[in-house]
Structure formats: structure tokens, C-alpha cells
Amino acid sequence: MDVPSTRTPENTPGSVAEPVQAGTGAADAEEPAPVGPQTPTEALVAEVWCELLELDAVDVTEDFFVLGGHSMLAAQVVYQLADRTGIPLELEVFFDLGTVAEVAAELDRIRSLGPGLDESRIYEEEL
């Protein structure tokens with residue numbers, strides 16, 4: 001019966017053991033490349049996030065709070081977006097969305113409602 005040896009092989013005299021390379025396993029696969037803005041609205045939202053979070057770039061699929069955002073910054077984002085687009089967005093809605101892509105899609109959806117949008121109804125709950 002063959003029993004596997006539990007003894008570790010020794011290096012031959014004068015040789016150096018090969019170092020173990022980190023990051024070579026399947027679990028260490030490269031992270032996917034960041035997803036950049038695909039629409040003008042995504043680009044605008046990403047720009048506001050970068051300014052307020054003090055980042056060079058953001059992945060449009062990454063959550064605002066994971067990137068370092070907090071409620072006070074979220075309020076500033078909502079204000080900046082309303083100021084730049086003329087489209088009001090409830091802070092509570094912003095919290096529910098979370099990513100550049102989702103916020104941009106909501107802004108585009110609200111924009112598509114057209115000039116008949118009753119803005120007073122949007123802020124009614126905040127009063």
C-alpha cells in the first residue's frame with residue numbers, strides 16, 4: 001500500500017525556493033473594469049457625485065453610500081441635480097436608487113413626463 005509522504009521536499013543545495021505568487025487563483029480574478037457613463041444624464045450625475053465625493057471618477061453601477069456618501073452629501077446631490085437639470089428629485093427617492101445609472105434613469109423618466117409635471121406634488125411630502 002502506497003502512503004503519501006508528509007515530508008516536504010528539500011531544495012537542492014544552492015537552489016532558492018520559488019516564491020508563492022499572490023493573485024494567481026481563480027478567486028483572485030481581476031475586478032471588472034469600471035463602467036463609465038453611457039448617457040448625458042449619467043455623465044451629469046457622475047460629475048456631481050465626483051465633485052461632492054471628491055473622486056476622479058465613479059462606476060455608474062456602484063452605490064453612492066459604498067463610495068463614501070452619507071445623508072448630508074445625498075441632500076447636496078439632490079440639490080445640485082435639481083439646480084443643474086431643473087428636475088426635482090425627492091431625497092427619499094435618491095436613497096432608494098443608489099447608483100448613478102438608477103438616478104439618471106429616474107431623472108430621464110421624470111423629464112419624459114414633460115412640462116405638465118406638477119412639481120408642487122413632488123415636494124408636498126417634504127413640507
Side-chain angles (χ1 to χ4, degrees):
M1 170 167 117
D2 288 343
V3 177
S5 171
T6 58
R7 187 172 159 252
T8 56
E10 296 178 22
N11 290 333
T12 55
S15 70
V16 177
E18 292 285 324
V20 176
Q21 293 182 350
T24 57
D28 296 320
E30 289 184 31
E31 289 185 29
V35 179
Q38 304 297 310
T39 68
T41 307
E42 285 184 2
L44 175 66
V45 174
E47 178 181 317
V48 170
W49 286 27
C50 285
E51 289 172 11
L52 294 174
L53 293 169
E54 298 178 355
L55 299 172
D56 294 330
V58 296
D59 183 319
V60 300
T61 64
E62 195 155 8
D63 187 87
F64 177 76
F65 297 100
V66 171
L67 292 169
H70 51 76
S71 59
M72 294 301 289
L73 279 178
Q76 291 178 32
V77 168
V78 168
Y79 174 80
Q80 285 292 322
L81 291 174
D83 187 52
R84 295 181 191 195
T85 65
I87 301 170
L89 183 67
E90 290 183 52
L91 185 57
E92 186 175 308
V93 171
F94 180 85
F95 288 147
D96 290 339
L97 298 173
T99 68
V100 167
E102 292 169 333
V103 171
E106 180 64 8
L107 290 173
D108 287 339
R109 187 193 70 76
I110 293 170
R111 182 182 293 120
S112 74
L113 297 175
L117 173 65
D118 181 6
E119 292 181 19
S120 63
R121 188 183 71 72
I122 291 175
Y123 287 111
E124 189 174 271
E125 292 178 358
E126 295 181 8
L127 295 176

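Every value quoted in this text rests on a predicted model; they were computed, and no experiment measured them. Any value given below was found using the heavy atoms of this structure, including those in side chains, with hydrogens, waters and symmetry copies removed.
- Counting only residues at least two apart or on different chains, the salt bridge (charged side-chain N to carboxylate O under 4.0 Å, His left out) pairs with a member in residues 47-60 are E47-R84, E51-R84.
- Side-chain contact between E62 and T99 is absent, with no heavy atoms from C-beta onward closer than 4.5 Å.
- In terms of heavy atoms, A57 sits closest to C50 at CA-SG, 3.6 Å.
- Evaluation of the side-chain hydrogen bond (donor to acceptor under 3.5 Å, both in side chains) rule for D108 yields T41, R111 as partners, not counting sequence neighbours.
- Put simply, the side chain of W49 reaches to within 4.5 Å of the side chain of V100, judged on heavy atoms.
- Y79 and V48 are not part of a single hydrophobic cluster, where members link through side-chain heavy atoms under 4.5 Å apart.
- Across all non-hydrogen atoms, the minimal contact from G36 to E42 is O-OE1, 4.2 Å.
- Taking the side-chain hydrogen bond (donor to acceptor under 3.5 Å, both in side chains) definition, one finds that T85 meets it with nothing, sequence neighbours left out.
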Acceptor/donor pairs from residues 64-77 side chains to any protein atom, 3.5 angstrom cut, sequence neighbours excluded:
from : atom 1 : to  : atom 2 : distance (Å)
H70  : ND1    : M72 : N      : 3.3
H70  : ND1    : L73 : N      : 3.4

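- Once rounded to the nearest 0.5 Å, the distance linking OG of S112 with CD1 of I87 reads 9.0 Å.
- How far CD of E106 is from CG of L81: 12.0 Å, rounded to the nearest 0.5 Å.
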